[in-house]
Amino acid sequence: AQKVTQAQTEISVVEKEDVTLDCVYETRDTTYYLFWYKQPPSGELVFLIRRNSFDEQNEISGRYSWNFQKSTSSFNFTITASQVVDSAVYFCALSEATSGNTGKLIFGQGTTLQVKP
Amino acid sequence: DTGVSQDPRHKITKRGQNVTFRCDPISEHNRLYWYRQTLGQGPEFLTYFQNEAQLEKSRLLSDRFSAERPKGSFSTLEIQRTEQGDSAMYLCASSLWRGPVNEQFFGPGTRLTVL
């Protein structure tokens, strides 16, 4: 069965610290996609990144970086030099490509990140 | 603003009443998804449409729930005889489906409180 686990419920850091948000997933599909979304206090989910199961290259976008490791079924997200504006709930999500191509997202429970000034 | 919009943003109702939410997707997006998010949890899939066809419904969607997407544009989600357990944030997302993956763009959600 498909599942996404974000074991860290809440993380609190001081501004400029680096922080890593963990994501572990379970799927039987060989083709799948992983996503990270940010949910600020306003409530709207904001898309951050998508990776497919065939591409294990790490990706960096500004202060954000993602580490995808199929061997450990993990897709971790690191924010370098965190800022107060990074405070939000972050969700990891999974979409299985072979399950009828629904495109539906399976979300983890979310990690609340608080960045203090 | 060309993003996904939802109306109303907040709804307070009494148990047993019917409520209807509306979602306007990004123009020309052919897929529309509904999710439900309860406090402290991630969103859970409810149903989705490709154009006007409803292609899948989650087990979470009881008989009291019905969704429509007439003409493949906006969608409505109706809950009949609301219960306190229906209190949640209802999120709508749309995507342009071209193949095995799609990026979903979410609306601001409708927060439902059932008293």
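Each chain gets a letter, A, B and so on, in the order the sequences are listed, and its residues count up from 1.
A donor-acceptor contact shorter than 3.5 Å links the side chain of B/Tyr35 to the backbone of A/Leu105. Within the 3.5 Å criterion, the main-chain N or O of A/Gly103 finds a donor-acceptor partner in the side chain of B/Gln104.
Counting all heavy atoms, side chain and backbone alike, B/Gln37 lies closest to A/Phe91 at NE2-CZ, 3.3 Å.
Under a hydrophobic-cluster definition in which Ile, Leu, Val, Met, Phe, Trp and Tyr are linked whenever side-chain heavy atoms come within less than 4.5 Å, directly or via other members, B/Trp97 and B/Leu32 are assigned to different clusters. Tracing side-chain contacts under 4.5 Å through hydrophobic residues (I, L, V, M, F, W, Y), one never reaches A/Tyr25 starting from A/Phe35; they form parts of separate clusters. B/Leu77 and B/Met89 fall into different hydrophobic clusters, where Ile, Leu, Val, Met, Phe, Trp and Tyr residues are linked whenever their side-chain heavy atoms come under 4.5 Å apart, directly or through other members. At a threshold of 4.5 Å between side-chain heavy atoms, the hydrophobic network of Ile, Leu, Val, Met, Phe, Trp and Tyr places A/Leu113 and A/Trp36 in one connected group.
For A/Lys70, the NZ atom is densely surrounded, since the number of other residues' heavy atoms within 6.0 Å is greater than 12. Annotation: B/Asp63, atom CG; neighbour count of heavy atoms from other residues, nucleotides and ligands within 6.0 Å does not exceed 12. Under a cut-off of 6.0 angstrom, the local environment of CG in B/Leu115 is crowded, with over 12 non-hydrogen atoms contributed by other residues, nucleotides or ligands.
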Report the C-alpha separation of B/Tyr48 and A/Thr102 in whole Å, then their side-chain angles, then the decisive distance to 0.1 Å, and conclude whether the side chain to side chain contact (heavy atoms under 4.5 Å, CB included) test is met. CA-CA 8 Å; B/Tyr48 87 101; A/Thr102 68; 3.7 Å; yes
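Only the side chain of A/Gln39 has a heavy atom closer than 4.5 Å to any heavy atom of chain B.
Residues B/Phe106 and A/Tyr37 bring their aromatic ring centres within 6.0 Å.
To the nearest 0.5 angstrom, B/Glu103 atom CD is 11.0 Å from A/Ser95 atom OG.
Contact count versus chain A (heavy atoms, under 4.5 Å) is highest, among B/Pro43, B/Gly109, B/Pro108, for B/Pro43. Your options are A/Arg50, A/Gln6, A/Gln109, and the one with the most heavy-atom pairs under 4.5 Å with chain B is A/Arg50.
Using a 4.5 Å cut-off on side-chain heavy atoms (C-beta onward), A/Glu44 and B/Phe105 make no contact.
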